[in-house]
S.K.: 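Can you read through this structure? Questions will come right after.
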Amino acid sequence: MIKVEYSYLQQQFADPDPILESIKTVVATGDYTLGKPVQEFEEKFAALIGTRYAIGVNSGTDALFLSLKALEIGPGDEVITAPNTFIATVGAIVATGAKPVFVDVTQEFTLDPQLIESAITSRTKAIMPVHYAGHPADMTEIMEIAHRHGIQVIEDACQAIGAQVDGRTAGTYGAAAGFSLHPLKNLNVWGDSGIIVTDSKSVRDALHLLRNHGLCGRDEVKIFGYNSRLDSIQAVVGNHLIQRFEEITETRIKWAQTFDRALASIDAITLPPRRPNKRTVYHLYMIAVERRDELLVHLQQKGIEA
Ligand SMILES: *Cc1c(COP(=O)(O)O)cnc(C)c1O
């Protein structure tokens with residue numbers, strides 16, 4: 001019987017030696033915090049997404065929380081987001097003191113641009129679209145609405161490294177975007193890590209302070225901040241994996257297309273719309289079915305985790 005597992009971490013890291021060798025150099029130099037590996041990963045990540053800057057932090061959750069803080073979102077403000085997301089999207093908004101406001105999603109699982117405007121009030125400070133399951137949100141429409149109302153956009157791109165819409169990479173649309181490098185995400189390291197991208201120097205400068213106690217030198221503190229640095233050892237793992245990232249992404253897309261072809265003719269299954277203007281990176285492969293719970297039991301009995 002073929003077994004289809006929910007994750008393949010053991011297989012992915014079956015040969016950890018090249019990564020462990022690089023970690024040895026970090027140990028030999030004692031360069032554990034915000035050193036060379038972190039800077040190297042930030043440069044590579046910014047180049048991968050296509051932004052001027054990338055700022056490594058300690059989780060995807062902090063990537064969203066600190067982005068909101070850097071854009072001065074806090075108590076009294078409202079942030080529009082999607083209800084079908086991992087709890088951390090909403091948790092990051094609530095942690096700033098702002099109020100999350102939910103707008104429903106399209107068949108592609110992402111914010112429905114047609115419903116956003118009716119949720120905007122005088123308190124709306126930002127929209128946080130979630131590129132759910134690797135499906136990029138309708139960013140051209142969302143940015144147009146945001147500009148018209150003078151609202152910031154911060155993208156939750158935790159599930160969507162490498163996704164594209166209208167020829168632009170997810171994460172390059174908003175004032176900032178947060179990504180997760182959690183072991184179960186598409187670009188995964190050996191623990192918790194996250195990264196933020198932005199084109200704005202002032203947002204980058206604010207994030208450098210926020211992630212490192214507000215320190216702007218060894219003894220000088222500008223603001224009260226947090227301890228949310230990207231670990232050097234995780235950055236080493238990231239530097240190895242980022243070289244293979246296009247290959248990892250293309251493999252996911254290829255398998256999703258294989259599933260699509262195989263499932264398209266089954267009446268009880270509805271595939272989400274596949275848009276020619278979007279590159280979906282399939283963090284998850286999702287379908288709509290009429291008898292969901294029965295199908296889940298059936299799949300599990302057949303050794304297919306779902
Ligand atoms: C994983 C995830 C997060 C949080 O990332 P962590 O690295 O686990 O903190 C936030 N939003 C979404 C949509 C996620 O999938």
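Order of appearance sets the numbers: ligands from 1, and atoms from 1 within every ligand.
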S.K.: Among protein heavy atoms, which sits nearest to atom 10 (C) of ligand 1, and what does the distance come to when rounded to 0.1 Å?
M.R.: C158 SG, 3.5 Å
S.K.: Drop me the distance from M139's CE to T172's OG1, to the nearest 0.5 angstrom.
M.R.: 8.0 Å
S.K.: Do any N or O atoms from the side chain of D231 and from the backbone of I233 form a donor-acceptor pair under 3.5 angstrom?
M.R.: no
S.K.: Looking just at side-chain N and O atoms, do T198 and S200 make a donor-acceptor pair shorter than 3.5 Å?
M.R.: no
S.K.: Using a 4.0 Å cutoff against the non-hydrogen atoms of A88, which atoms of ligand 1 qualify?
M.R.: 3 (C), 4 (C), 10 (C)
S.K.: Test: salt bridge (charged side-chain N to carboxylate O under 4.0 Å, His left out). Region: residues 26-40. Which pairs qualify, not counting sequence neighbours?
M.R.: E40-K44
S.K.: Around atom 7 (O) of ligand 1, find the nearest protein heavy atom and jot down its residue, atom name and distance.
M.R.: S180 OG, 2.6 Å
S.K.: Measure the distance from atom 4 (C) of ligand 1 to every protein heavy atom, then report the residue, atom name and distance (to 0.1 Å) of the closest one.
M.R.: T61 OG1, 3.5 Å
S.K.: Can you sort out which atoms of ligand 1 are near T85, meaning under 4.0 Å from one of its heavy atoms?
M.R.: 13 (C)
S.K.: Which option out of H131, K185, M128, Q159 puts a heavy atom nearest to atom 2 (C) of ligand 1?
M.R.: K185
S.K.: Hey, what's the ring geometry for Y285 with F259, parallel, tilted or perpendicular (30° and 60° as the breaks)?
M.R.: tilted
S.K.: CZ of R229 to CD of Q234: how many Å apart, nearest 0.5 Å?
M.R.: 14.0 Å
S.K.: Would you mind finding which of D156, L181, D192 brings a heavy atom closest to atom 11 (N) of ligand 1?
M.R.: D156
